[in-house]
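Just so you know, ligand 1 is whichever comes first in the structure, and atom 1 is the first atom listed for that ligand.
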Amino acid sequence: MKTKILEPTKENIEYAGKVAREGGLVAFPTETVYGLGADALNAKAVKSVYEAKGRPSDNPMIVHIADQEGLASLTDEITEEMKLLMDAFWPGPLTMVVRKKDIIPYTTTGGLDTAGIRMPSEEIARDFIRAAGVPIAAPSANISGRPSPTKVEHVVEDMDGRIDVILKGPDCQVGIESTVLDVTGELPMILRPGIITADDISRATGKDTLIDPAILMKPSDGEDFKPRAPGMKYRHYAPKAKMHIVAGDMDLVRKKVAELKSLAEQEGKKVFVILFEAGEEAAHDLFARLRDADSQGVDLILAGAMSSEDGIGFAVMNRMLKSAGYSVIYV
Ligand code: TXA
Ligand code: MG
């Protein structure tokens, strides 16, 4: 398949919308990561997204809408809590898991009676959804298992030749995927952490915010590891190189990283170090750094742990742990 890689002009966005409306696949920028979009109401189109990504089909997709009004066509139940959350965070990197209407096919929700809905803040994304005239189902636009794409080059790397259109856009501002929040229960529950944190959500709703306990576990915890967001159970974000996280007091971490680096280099290995200062910078850069490491063909990645005390650090650590296959060296 020949993929058209297009500047986000008005004309090209109209064209990309038409392609999606007619069942084609379009990658587009959002503020979190690039998405791989298809008509969310067209089961056949959605199925081809799974194929292009090489993704298991029990993994539900997020349905993207251009404005708050779009929500009413996808769910019958819009609670006061959801209105507060929309006012506080939409457009933006919050996905709400709601009870779905019948028009959303089970192919889109991986067989679930709920659907994740999100209104992105990136204008190109919303213009594209509007041009399509249908809600857009979109997972991250990477081959399944690779780090999520935060620059258009990443999308080209993974998707050129597999999809119809890639809409170019800026580097993604946030850099990690949206916070996924289940709002079908008594209290809202975070199923995937993101830069909108539990504290942010509690401030908006005036209620406690729960966190899916599986987020704090790892697959080797066995039967207890049952994430409510099916996507959280897969090995994600994996770079090709071996990766270890070094955790502890920052000065000790730096020392340990330098020591491990020089040992590995003595064995002739190529080493890539990732040390972030602040949570937002880490969120913004992590996936791009992992892809840099891959393209440089390094053997070993050493990453300093983020403090999980602040919510953004927690969200970044969640991705780092998966990338490193939960390998942590404590100092
Ligand atoms: O920021 C984002 O959310 C990006 C951009 C493109 O919008 N999209 C994204 O999609 O990260 P994806 O498919 O890579 O991740 C979707 C996550 C998965 O962990 C999935 O299991 C969860 O959301 N999810 C979607 N619908 C769900 C539902 N009905 N119930 C529980 N989890 C759901
Ligand atoms: Mg993904």
Which atoms of ligand 1 have any heavy atom of Pro230 under 4.0 Å away? 21 (O), 31 (C), 32 (N)
For ligand 1, note which part of Thr114 has a heavy atom under 4.0 Å away: side chain, backbone, both or neither. both
Can you tell me the protein heavy atom closest to atom 7 (O) of ligand 1 and the distance? His64 NE2, 2.6 Å
Apart from Val165 itself, members of its ILVMFWY cluster (side-chain separation under 4.5 Å) are Leu6, Ile13, Tyr15, Val19, Val26, Phe28, Ile124, Phe128, Ile129, Val134, Ile136, Leu167
protein heavy-atom neighbour closest to atom 14 (O) of ligand 1 works out as Ser140 OG, 3.2 Å
The closest protein heavy-atom partner of atom 6 (C) of ligand 1 is Gly35 CA, 3.5 Å
Residue of the set Arg289, Lys240, Arg146 for which side-chain hydrogen bond (donor to acceptor under 3.5 Å, both in side chains) holds with Asp294: Arg146
Protein contact of atom 19 (O) of ligand 1 - nearest heavy atom, named by residue and atom, plus distance: Gly231 CA, 3.4 Å
Is the closest basic N to carboxylate O distance between Arg21 and Asp39 below 4.0 Å? no
Could you tell me which atoms of ligand 1, counted from 1 in the order shown, lie closer than 4.0 angstrom to a heavy atom of Arg228? 31 (C)
Atom 15 (O) of ligand 1 - nearest protein heavy atom and its distance: Arg192 NH1, 3.1 Å
NZ/NE/NH1/NH2 to OD/OE distance under 4.0 Å, Lys10 and Glu14: no
Considering heavy atoms of the protein only, find what lies nearest to atom 23 (O) of ligand 1 and give residue, atom and distance to 0.1 Å. Val180 CG2, 3.7 Å
Are any of the side-chain nitrogens in Asp299 or Lys270 under 4.0 Å away from the carboxylate oxygens of its partner? no
Identify, by atom number and element, the atoms of ligand 1 in contact range of Ser178, meaning under 4.0 Å from any of its heavy atoms. 1 (O), 2 (C), 3 (O)
Report the protein N/O/S neighbours of the Mg ion (ligand 2) that fall below 2.8 Å; do not count waters. Ser140 OG
Using the side chain to side chain donor-acceptor pair (under 3.5 Å) rule, collect all pairs that involve residues 302-311, keeping only residues at least two apart or in two chains. none
A side-chain contact here means heavy atoms from C-beta on lying under 4.5 Å apart; do Lys53 and Met159 qualify? yes
Counting non-hydrogen protein atoms only, what is the nearest one to atom 8 (N) of ligand 1? Give residue, atom name and distance. Ala138 O, 3.7 Å
Once you restrict to heavy atoms under 4.0 Å, what part of Thr109 touches ligand 1? Side chain, backbone, both or neither. neither
In the protein, which heavy atom is nearest to atom 10 (O) of ligand 1, and how far is it? Pro139 CA, 3.5 Å
Hey, is CG on Asp87 packed in by over 12 heavy atoms from elsewhere, all under 6.0 Å? yes
Is it true that Arg203 and Asp200 make a salt bridge, defined as a side-chain N closer than 4.0 Å to a carboxylate O? yes
By side-chain contact (heavy atoms from CB on, under 4.5 Å) - contacts of Ala38 (at least two apart): Leu25, Ala45, Val49
Applying side-chain hydrogen bond (donor to acceptor under 3.5 Å, both in side chains) to Tyr106 and Asp113, what does each step give before you reach the verdict? CA-CA 8 Å; Tyr106 282 110; Asp113 290 317; 2.6 Å; yes
Mark up the atoms of ligand 1 that fall under 4.0 Å of a heavy atom belonging to Ala115, in ascending order. 29 (N)
Note: heavy atom closest to atom 27 (C) of ligand 1, options Pro93, Pro60, Pro149, belongs to Pro60
Ion pair check, Arg254 and Glu277, cut-off under 4.0 Å: yes
Out of Ser144, Gly116, Ala229, indicate the one that has the non-hydrogen atom closest to atom 32 (N) of ligand 1. Ala229
Just going by heavy-atom distances, which of Thr179, Leu112, Asp113 is nearest to atom 30 (N) of ligand 1? Leu112
Suppose I only count heavy atoms of Glu177 and a 4.0 Å limit; which atoms of ligand 1 are within that range? 1 (O), 2 (C), 11 (O)
Of the side chain and backbone of Asn59, name the one, both, or neither that has a heavy atom under 4.0 Å from an atom of ligand 1. side chain
Under a 4.5 Å cut-off applied to non-hydrogen side-chain atoms, are Thr114 and Val98 in contact? no
Does the distance from a Lys or Arg side-chain N to an Asp or Glu carboxylate O, for Arg162 and Glu51, drop under 4.0 Å? no
Carboxylate-amine/guanidinium contact Arg291 Glu153, below 4.0 Å: no
